[in-house]
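By convention in this document, chain letters (A, B, ...) are assigned in the order of the sequence lines, proteins followed by strands, and residues within each chain are numbered from 1. The model shown is predicted, which means the values in this text are computed figures rather than measured ones. Computed over heavy atoms, backbone and side chain alike; hydrogens, waters and symmetry mates excluded.
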Amino acid sequence: MTWSAIRSHGLSYLIVGPFAIVLAFPFYWMVTTALKTNGDLYNLANVPFKFTTTKGDPEGHSPTLRHISFIFHQTHYVRWLENTVFVGALVVVITLVLALPAGYALARLSGRLGQSVGVGIFLTYLVPPTLLFLPLSRVISKLGLEDRLWSLVLVYPSFTVPFSVWLLMGFFRTIPLELEDAAMMDGCSRLTALWRVIFPISLPGILTVVIFTFSLCVNDFVYAISFISISSNRTLSVGVPTDLIRGDVFFWQSLMAATLIPSILLALLYNSFLNRFIEGFTGGAFR
Amino acid sequence: MLIGPAVLFIVLLVGVPLGLAVYLSLTNATAGSLTGHWVGFHNFVDVWNTPNFRTALKNTIVFTLASQALVVVGAAILAHALLRPFRGRWFLRFLIVLPWAAPVALSTIGFLWIFDSQFSVLNWTLVHDLLPGGGHFYLYKPVNWLLGGIDHLPFVHAGKVDPLNPPQWLGQETLAKLSIILVQAWRILPFATVIFLAGLSSIPAEVEDAARMDGATGLRKFWHVTLPLQLPIAVVALLFGIVFTATDMTVVYVLTNGGPFNSTQVLTTWAYQTGIVSSSLGEGAAVSLYLLPVLAVIAILMLRFARKVEVS
Amino acid sequence: MSKDDELEELGLTGGLTRREIVRKAFGGFVVLYGGALTKTAAAAGVPKFRHKELKNTLRIIQWSHFVPAYDTWFDGTYTKKWGQAHDTDVQVDHINLALLPARAKAEVAARSGHDIFGHLSPQAGLEDSVINHREIVEEVQHKVGKVGKVGYRSCYNPKTKKWHGFPENFVPDPVHYRKDLFHQVGVKSPNTWHDVLVAAPKLKAIGHPVGIGMSNELDSNMALIALLQCFGGFIQDAHARVTINSKGTREALQFMKSLFKQGMTDEVFAWTAASNNQGYLAGRLSLALNAISIVRSAEAQNPTLAANTALLPIPAGADRRLGLEHVMGVYTIWNFTAKSQQKLAKRFIADLESHYAAAFKASKYYNFPAFPKAVYDYRKRLGADNHPPKGKYRILDTIARKYTANIGYPGFSNAAIDEIFNTFLIPQMFAQVAQDKLTPAAAAKAAEHDMKRIFAKWRKIGKI
């Protein structure tokens with residue numbers, strides 16, 4: 001390894017390391033908390049970073065898996081996970097179908113019209129769900145969708161599509177027109193040019209939209225709590241606080257575990273997607 | 001046309017409810033019904049005259065700009081460091097992505113526990129002897145030394161950490177604001193980093209090659225080539241970071257619910273408090289609508305800026 | 001040259017062909033989607049009739065009871081039995097206490113929702129969307145006797161002569177204190193607030209401060225309004241006029257400031273509803289004003305602590321001894337519910353209230369019926385509880401009968417009181433004084449200004 005290689009790698013560790021520690025610390029903390037017994041957790045005399053078993057603790061030895069198994073056996077946790085994935089996946093598809101053509105068209109549309117339509121789409125995004133959920137509740141009930149996940153599938157694109165259009169616009173703009181023109185001169189129709197040339201190049205953009213859209217869906221709280229009240233039909237963000245916070249008692253260990261599971265799964269998923277396209281492209285660009 | 005479906009969808013699902021929201025803000029509707037008597041701009045004036053609203057407006061701007069400033073700088077640095085492969089990069093990137101992957105309501109509840117008034121792990125670490133074996137090290141001592149130094153700067157007043165009465169991360173006004181800003185920055189940082197990464201990696205190879213052939217390396221290359229090319233993507237990241245933070249209700253609601261004594265209210269939580277919890281729907285709608293011009297101004301300014309950069 | 005090769009030249013494929021990229025990307029996607037699709041049937045909606053044999057359906061929504069056993073009894077035993085007897089499938093949904101207002105407003109906006117909505121405080125603000133519950137009240141009164149004063153003043157609007165909710169239960173609020181610690185500092189018991197002030201600095205010195213919250217949450221709200229009452233401070237009088245700016249209020253504010261400075265720590269400004277529970281259960285707090293959720297949790301987690309905990313009515317202030325209900329269970333029926341469903345709902349509520357003994361027991365004495373005679377022999381039942389020291393729950397009967405007022409006492413719990421409560425104006429007032437941001441006089445005046453505005457607003461709409 002050359003000196004510059006060592007230097008640049010060392011620098012990477014030096015920069016990325018602290019960031020990773022700060023960003024991931026709360027999750028380490030969640031793991032520790034999730035495994036403690038009540039007697040261990042609520043004891044101010046204990047060192048929080050260790051597990052301490054007190055004699056006579058009705059929950060026995062600390063660390064324990066009982067609070068984690070609680071969410072699987074005493075709540076609809078698995079259903080919530082499924083519901084969240086179901087809604088997220090469908091919304092991603094709908095968003096791509098709507099946003100891809102719009103993003104492309106806006107990117108290619110030159111002049112003031114393209115800009116104002118673009119800004120217009122963006123501005124409608126600025127109205128928060130905390131305001132819209134009331135009038136939308138009326139719409140949902142009129143359509144007979146209340147308490148059904150389809151209500152979320154219908155409403156979520158309203159905040160995923162504008163963002164996705166914008167992102168795709170940005171990506172499509174960085175693709176030089178010459179590529180398309182070259183393809184069309186070779187005899188492709190515009191549509192074929194799109195499919196065979198533009199589409200693969202904008203894959204990073206598309207995958208980014210997939211990840212971001214899914215993330216936006218998972219994070220929504222206001223619409224989910226307003227449209228769905230049946231516990232087994234809930235999504236994760238709503239089901240967890242509802243069933244694991246009862247009156248003035250917080251089931252902290254279960255709450256932490258319930259947060260960790262989707263976070264780790266989603267982080268693995270997002271990371272693999274990132275891996276796929278960034279590594280591939282970086283390898284090429286910095287040849 | 002291609003834009004048609006998207007526009008139609010948005011008009012229906014955002015435009016119509018938005019219209020209703022505007023209508024509500026011009027009436028004295030209570031949450032008992034979705035209609036009320038026309039009061040014109042009375043709600044907007046009334047709401048503006050409430051001190052809690054002005055606090056909410058100020059906080060929305062401060063929290064958003066402060067957290068996003070941290071995010072943009074952090075994301076830019078992090079993205080560059082993550083660009084080239086190195087051993088363990090996959091794992092470190094996984095750790096970095098975690099805050100963004102976690103559903104925001106749930107991760108904020110996690111922070112509620114980290115900042116807890118009695119069981120905060122931060123306070124425990126500050127106040128207890130970290131080397132009980134023989135060394136005796138208390139973290140609050142060097143922290144207080146630092147705070148004492150900061151106190152000497154003009155305009156800044158930093159208190160001290162009292163081991164018997166540790167800092168209340170969510171109960172003291174300044175600390176609560178700081179906590180909110182930090183949590184917002186924490187959760188948006190990975191998101192912005194990914195946008196930066198995607199942008200950096202889509203810089204076509206010819207540009208890199210051309211720069212190298214011109215003899216530009218290191219800092220010069222950064223300033224004249226990478227930075228300008230990055231600017232449009234940075235603007236997008238900043239813009240969406242601002243939107244996600246300013247329109248977010250969850251973090252403030254879960255952490256402080258606007259407290260202590262309504263000093264950390266933001267427009268979204270105050271609108272919720274007024275319109276839903278207090279049943280004054282018309283006023284709540286008016287508060288929410290104040291968000292629009294604030295964000296619109298920021299958005300338009302940034303878009304103009306991005307356009308200029310792109311053209312050059 | 002094929003397109004693939006051209007792109008290769010440009011280094012834009014990273015070694016994968018277009019096909020491979022597309023396949024891999026959507027492969028992962030399909031796996032996700034496919035997995036989710038298999039759950040479509042289950043996730044798509046609620047089957048209208050779970051058991052085909054039952055003719056009717058009744059949908060109820062209420063909070064997740066802090067005593068999980070109550071929900072198990074209610075959902076699993078009581079509603080099933082009632083359902084069988086009335087040919088009805090009763091479906092119960094639960095929701096977080098904090099999210100009840102939003103859910104209620106959403107159902108109103110949607111003009112569709114549950115047949116019975118269970119709130120945890122009187123909802124005067126929703127008056128226009130609910131039926132007049134007079135009929136149910138009268139039926140139950142006919143069966144078990146008059147409704148208690150707390151229930152009456154919480155759910156009746158004297159201006160519109162409408163019962164805007166059915167008062168189902170209320171929860172008395174005792175003071176929990178550590179007998180052993182109080183003994184240690186030489187104070188017999190927190191009988192008066194003065195006793196508390198005497199004991200507090202000594203308790204704080206031995207590491208066990210007292211715990212009265214001053215934060216934007218339910219427990220703080222209740223404790224501080226009750227404290228105000230003990231000193232003669234009231235938000236309104238019997239005729240709905242704002243009376244907050246009074247000597248009693250100023251004295252209460254001054255008292256709380258002294259109590260905070262001498263006997264509490266800064267954490268009380270950051271408390272959630274769980275904090276006083278957790279602080280007491282951790283053995284740290286020596287005194288807390290809370291429903292019996294604290295001592296019940298102690299019995300499960302730390303029996304020694306529970307044995308050292310005693311319950312008393314709220315300490316007496318300079319003016320009187322008077323507390324508040326911790327929460328009040330109110331059932332409402334929306335006026336857009338179908339008439340046949342309304343009838344069913346009324347039947348359910350009346351039946352539940354008229355035979356309240358089982359609910360009383362299932363909630364571990366947390367729920368007291370708003371119609372006092374719906375349960376007989378309170379003292380005997382409370383005394384039967386086995387946890388040491390035996391008989392300690394009997395005091396709840398005294399508290400429920402003599403020392404529990406409604407929010408808004410001596411007036412009614414109207415929409416303005418509701419809004420003042422929900423926007424935490426009282427904790428705000430106390431916190432500002434305790435943190436030296438305002439003097440008691442200034443804080444009381446500022447609160448009066450805010451409250452008058454709220455009262456004027458609701459008066460204009462004709463609700464007060």
B/D162 versus chain C, heavy atoms under 4.5 Å apart: side chain, backbone, both or neither?
-> neither
Do other residues, nucleotides or ligands put more than 12 heavy atoms under 6.0 Å from C/K445 NZ?
-> no
Could you list which of residues 117-124 of chain B have a heavy atom closer than 4.5 Å to any heavy atom of chain C, in residue-number order?
-> B/S117, B/Q118, B/F119
Interatomic spacing from OG in B/S263 to CD in C/Q435 - rounded to 0.5 Å = 8.5 Å
With rounding to the nearest 0.5 Å, note down the distance linking OG1 in B/T274 to CD in C/E419.
-> 8.0 Å
Does a side-chain heavy-atom distance below 4.5 Å link B/T256 with C/N216?
-> no
B/K58, NZ: over 12 other non-hydrogen atoms inside 6.0 angstrom | no
Interchain contact, B/Y272 with chain C, by part (heavy-atom threshold 4.5 Å) = side chain
Contacting region of C/S215 [heavy-atom separation from chain B under 4.5 Å] = neither
In terms of heavy-atom pairs under 4.5 Å with chain B, which of C/P427, C/G279, C/A415, C/A270 leads?
-> C/A270
Euclidean distance, B/E283 CD relative to C/K457 NZ, rounded to 0.5 Å = 4.5 Å
At what distance, to the nearest 0.5 angstrom, does OG1 of C/T272 lie from CG of B/D116?
-> 7.0 Å
Is chain B contacted by the side chain of C/D266, its backbone, both, or neither, given a heavy-atom distance below 4.5 Å?
-> both
Using non-hydrogen atoms only, which part of C/Q123 is less than 4.5 Å away from chain B: side chain, backbone, both, or neither?
-> neither
For C/R453 and B/T50, work out which heavy atoms get closest and say how close.
-> NH2-OG1, 4.2 Å
Which one, C/P101, C/S275, C/A274, C/A282, leads in non-hydrogen pairs under 4.5 Å with chain B?
-> C/S275
